[in-house]
*Asks:* 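Mind having a look at this structure? Questions to follow.
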Amino acid sequence: MHMQEIKTRPEKTKIRIPDERGRGLDTTEDNRRRQESVMALVDEVGTSLLDTVEDASLFWSRQLRSEDELGDVKGPRKHRIVVIGSGWSSHAFIKSIDTDKFDVVIISPRNYFLFTPLLAAASVGTVEYRSITEPMRKANPYASYFEGEATDIFPENRTIRMRTRMQTNDGSKIDLNVPYDMLVFSPGVKSSSFGVKGVYENCYFLKEVDDARRLRSAVQDRFERANIPEVTEEEKRRILTFVVCEGGPTGVEFCGELYDLLSTEFKTLYPKLKSLARVVMIQSGPTILPVFEESLRSVGLNVITNAGVEVALETRVNAVGPYSMTLNNGTELPYGLAVWTAGTGPRNITERLIEKVPVQAEMTSRSKKLTIDPWLRVYGTNGSILAMGDCTKMEPILPQTAQVASQQGHYLARMLNRGYDMSTPDNQPPVQTDDNNGDNGDNGGGVRKTFNLLRTLGKREADPFRFFNYGMLAYLGNDKGLAHIQANDLDLIKASGQAGFYLWRSVYFVKQVSLRNRVLVLFDWMKSRMFGRDLSRI
Ligand SMILES: Cc1cc2nc3c(=O)[nH]c(=O)nc-3n(C[C@H](O)[C@H](O)[C@H](O)COP(=O)(O)OP(=O)(O)OC[C@H]3O[C@@H](n4cnc5c(N)ncnc54)[C@H](O)[C@@H]3O)c2cc1C
């Protein structure tokens, strides 16, 4: 398959920009887009209802089994799906996949799912780490989990090599070969320095629980160091200068959380230091929060600058040293703690897969993402490798978000549950075969067959993946937030300030992946509000 064969994005009709009085507004085009969004919303609600009932039937058929059936491997050999990763897309996939039909094996270095939108809050102690994680085994007890990292892939004989945490007597790690019939690839991306010198050595990142843990400890460390009486005032100011590199949602949310910490617990517990702390945000672009629309972006900028965050727009970091960083305008900025949220890059295993599949090597760009077709199949693998989440790119280009990743995970699991043949040529829809239309002969099979009939109305080809955009949220600190709730192009709610904050909290409360997480997060929010964040450096 070659580059030219990928579907290109349909040409967009030009929309005229209206003047202040609305003259020049192309109402026909505007109405058409609104109608499309309303239809998409109706379709989404209908499909989601069917999907939810179908997923619930799967969930309860699992829940109602006796514990003895866990690990029961009797019966004919099932098709083996190996899933790489335990993030947003894999977690959604694991929740929805039918483990009666497939033998599912998860390989990941972490045995839990992480709710990343609250990681910034965890890095200053507003919520606790364990409140925003869920063990993968809980997500689906009938899937197997092997702790370790996938280090190589052999597509020609359908095998994964993984490195476990087990060690031999000479201290080297034990490697395993894990065969698969189908690979679901979703290792996400890693933090990247974009080649800026000194970033890995001197900056903190915010991607995993360990990053948040290190960051929380480092913030507390700076408070204690600056508190030593012998330290000069100039040095105290340096130690208490917190620099956040890049003003995307993660950087802004960290600033917001840090502002809350500095303006409450830090102010009360370190009264002599309170006037010395400084938060600086370095943003390479002309605005912060570029993913939000203009009106919300400027509210965001106003809120954080009014709170005292110094924002340097159109400024880049050239190099980071242990005590100061050099900016592209020649400024040498002394700092005590720097957080790098500026970029992401491919995992080694993704680069390895791109090397192994010749078509991928031709298609990949500088971002080194896997190119997938509209049914999430990795081009050039005959439908044996499916990929989802941040490590992929497809047409139309989708944002690198949890929303996209989890929708892809559910979509893929449901497509496999419904028995589509994924080995049709790239760019041609997988087809449902007569003998494999969602019924695997078990107790839940009849229910699934009925739902399948209702959904497809006799259509054999699988629908391509369609992202449904619910909008964006960001926390700005001081109980203020931004919320843009959408149904694709249809704006439902735009809110900022306190209203934005309450929407942000409500959505993330509801979006927690289990009742346990919901209760724990709610409790943490109440706890930090009533008793303050815990600053013990344990
Ligand atoms: C701090 C932060 C805040 C965010 N906030 C939001 C938000 O508010 N809204 C939003 O929509 N998105 C948000 N995102 C983005 C969102 O988290 C990602 O888009 C999403 O996690 C992508 O899901 P994924 O499944 O592709 O990868 P991930 O969720 O990153 O999961 C990747 C998984 O693969 C595992 N893995 C890595 N390497 C290997 C290997 N070699 N072998 C096996 N397993 C491996 C990892 O351990 C992990 O379990 C945020 C991200 C961060 C970091």
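One-based numbering along the sequence shown. What you are looking at is a predicted structure, and each value in this text was computed from that prediction instead of being measured. First listed ligand is number 1; within each ligand, the first listed atom is number 1.
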*Asks:* Suppose I only count heavy atoms of Gln403 and a 4.0 Å limit; which atoms of ligand 1 are within that range?
*Replies:* 11 (O)
*Asks:* So that I know where these two stand, are Tyr411 and Trp375 an aromatic pair - ring centroids less than 6.0 Å apart?
*Replies:* no
*Asks:* Suppose I only count heavy atoms of Lys207 and a 4.0 Å limit; which atoms of ligand 1 are within that range?
*Replies:* 30 (O), 53 (C)
*Asks:* Show which atoms of ligand 1 fall inside a sub-4.0 Å distance from at least one heavy-atom site of Ile84.
*Replies:* 42 (N), 43 (C), 44 (N)
*Asks:* For atom 8 (O) of ligand 1, what's the nearest protein heavy atom and its distance?
*Replies:*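 Its nearest protein heavy-atom neighbour is Tyr508 OH, 2.8 Å.
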*Asks:* Output the list of atoms in ligand 1 that are nearer than 4.0 Å to some heavy atom of Leu206, sorted by atom number.
*Replies:* 1 (C), 53 (C)
*Asks:* Indicate, as side chain, backbone, both or neither, the part of Glu149 found under 4.0 angstrom from ligand 1 when only non-hydrogen atoms are considered.
*Replies:* both
*Asks:* Crowded around Lys356 NZ? As in, over 12 foreign heavy atoms under 6.0 Å?
*Replies:* yes
*Asks:* Where on Thr250 is there a heavy atom closer than 4.0 Å to ligand 1, on the side chain, on the backbone, on both, or on neither?
*Replies:* side chain
*Asks:* For ligand 1, note which part of Asp390 has a heavy atom under 4.0 Å away: side chain, backbone, both or neither.
*Replies:*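 It is both parts that get close, each with some atom under 4.0 Å.
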*Asks:* Which ligand 1 atoms, with their elements, are less than 4.0 angstrom from a heavy-atom of Ile107?
*Replies:*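 Per the distance check, 43 (C), 44 (N).
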*Asks:* Could you tell me, atom by atom, which parts of ligand 1 come under 4.0 Å of a heavy atom of Ser89?
*Replies:* 24 (P), 25 (O), 26 (O)
*Asks:* Are any of the heavy atoms in Ala120 under 4.0 Å away from ligand 1?
*Replies:*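 Judged by the 4.0 Å heavy-atom criterion, Ala120 does not count as contacting ligand 1.
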*Asks:* Could you work out, for atom 47 (O) of ligand 1, the closest of Lys511, Arg352, Arg110 by heavy-atom distance?
*Replies:*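 When every heavy atom of Lys511, Arg352, Arg110 is considered, Arg110 comes closest to atom 47 (O) of ligand 1.
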*Asks:* Does Leu370 reach the side chain of Tyr379, with side-chain heavy atoms less than 4.5 Å apart?
*Replies:*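 No, their side chains stay 4.5 Å or more apart.
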*Asks:* Which of the numbered atoms in ligand 1 are below 4.0 angstrom from a heavy atom of Ser186?
*Replies:*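 What qualifies from ligand 1 is 32 (C), 33 (C), 34 (O).
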*Asks:* Suppose we measure from atom 44 (N) of ligand 1 to each protein heavy atom; which comes out shortest, and what is that distance?
*Replies:*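 Ranked first by proximity to atom 44 (N) of ligand 1 is Pro109 CD, 3.2 Å.
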*Asks:* What about Trp88: any of its N or O atoms under 3.5 Å from an N or O on ligand 1?
*Replies:*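 Right, the criterion is met.
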*Asks:* Please tell me if the side chains of Trp340 and Val196 come closer than 4.5 Å, counting only heavy atoms from C-beta onward.
*Replies:* yes
*Asks:* Among protein heavy atoms, which sits nearest to atom 42 (N) of ligand 1, and what does the distance come to when rounded to 0.1 Å?
*Replies:*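 Answer, as residue, atom name and distance: Ala150 N, 2.9 Å.
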*Asks:* Say whether Phe254 and ligand 1 are in contact under the criterion: heavy-atom distance to a ligand atom below 4.0 Å.
*Replies:*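 Checking ligand 1 against Phe254, which is what was asked, there is no heavy-atom contact under 4.0 Å.
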*Asks:* Distance to 0.1 Å, residue and atom name: give those for the protein heavy atom nearest to atom 27 (O) of ligand 1.
*Replies:* Gly188 CA, 3.4 Å
*Asks:* Can you tell me if Thr392 uses its side chain to pair, donor with acceptor, with the backbone of Gly389 under 3.5 Å?
*Replies:* yes
*Asks:* Which one of Ala121, Ser90, Gly85, Pro187 has a non-hydrogen atom at the shortest distance from atom 32 (C) of ligand 1?
*Replies:*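 Among Ala121, Ser90, Gly85, Pro187, the closest heavy atom to atom 32 (C) of ligand 1 comes from Pro187.
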*Asks:* Do you know which of Asn517, Leu118, Thr116 makes side-chain contact (heavy atoms from CB on, under 4.5 Å) with Ile132?
*Replies:*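 Of all the options given, the one that passes is Leu118.
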*Asks:* Can you check whether Arg533 reaches Val124 side chain to side chain, under 4.5 Å on heavy atoms?
*Replies:* yes
*Asks:* Out of Asp152, Asp211, Thr116, Val189, who gets a non-hydrogen atom closest to atom 2 (C) of ligand 1?
*Replies:*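 Answer by nearest heavy atom: Thr116.
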*Asks:* To the nearest 0.1 Å, how far is atom 46 (C) of ligand 1 from its closest protein heavy atom, and which atom is that?
*Replies:* Ser108 OG, 4.1 Å
*Asks:* Give the residue and atom name of whichever protein heavy atom lies nearest to atom 31 (O) of ligand 1, and the separation in Å to one decimal.
*Replies:* Gly87 CA, 3.1 Å
*Asks:* Could you find the nearest protein heavy atom to atom 16 (C) of ligand 1 and give me its residue, atom name and distance?
*Replies:* Ala402 N, 3.5 Å
*Asks:* State which residue, out of Ile493, Asp491, Leu490, fulfils the side-chain contact (heavy atoms from CB on, under 4.5 Å) condition with Ile485.
*Replies:* Ile493
*Asks:* Please tell me if the side chains of Leu289 and Thr287 come closer than 4.5 Å, counting only heavy atoms from C-beta onward.
*Replies:* no
*Asks:* Taking the six-membered ring of Phe242, is the NZ or CZ of Arg222 close enough (under 6.0 Å from the centre) and on axis enough (within 45°)?
*Replies:*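 Verdict for Phe242: no cation-pi partner in Arg222.
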*Asks:* Could you tell me, atom by atom, which parts of ligand 1 come under 4.0 Å of a heavy atom of Ser86?
*Replies:*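 Here the atoms of ligand 1 in question are 33 (C), 34 (O), 48 (C), 49 (O).
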*Asks:* Can you check which of Glu253, Lys190, Arg347 brings a heavy atom nearest to atom 38 (N) of ligand 1?
*Replies:*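 That would be Arg347.
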*Asks:* Test of understanding: given a 4.0 Å heavy-atom threshold, classify the contact between Ala405 and ligand 1 as side chain, backbone, both, or neither.
*Replies:* side chain
*Asks:* With a sphere of 6.0 Å drawn around CZ of Arg110, does it hold more than 12 non-hydrogen atoms of other residues, nucleotides or ligands?
*Replies:*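 Above 12, so yes.
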*Asks:* Check whether any side-chain N or O of Gln403 sits under 3.5 Å from a backbone N or O of Tyr470 as a donor-acceptor pair, and report yes or no.
*Replies:* yes
*Asks:* Below a 4.0 angstrom heavy-atom separation, can you tell me which part of Gln400, side chain or backbone, both or neither, approaches ligand 1?
*Replies:*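 It is the backbone that touches ligand 1; the side chain stays farther off.
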*Asks:* State yes or no: are the ring centers of Phe465 and Phe467 separated by less than 6.0 Å?
*Replies:* no
*Asks:* Do the non-hydrogen side-chain atoms of Leu114 and Tyr129 ever get within less than 4.5 Å of each other?
*Replies:*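 A side-chain contact is absent here, since even the closest heavy-atom pair is not under 4.5 Å.
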*Asks:* Got Phe254 and Ser123 here, is their nearest side-chain heavy-atom distance under 4.5 Å?
*Replies:* yes
*Asks:* Which protein non-hydrogen atom lies closest to atom 5 (N) of ligand 1, naming both residue and atom, and how far is it?
*Replies:* Pro117 CA, 3.6 Å
*Asks:* Let me know which of Ile97, Val104, Thr99, Asp98 forms a side-chain contact (heavy atoms from CB on, under 4.5 Å) with Lys101.
*Replies:*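 Going through Ile97, Val104, Thr99, Asp98 one by one, the side-chain contact (heavy atoms from CB on, under 4.5 Å) with Lys101 is satisfied by Asp98 alone.
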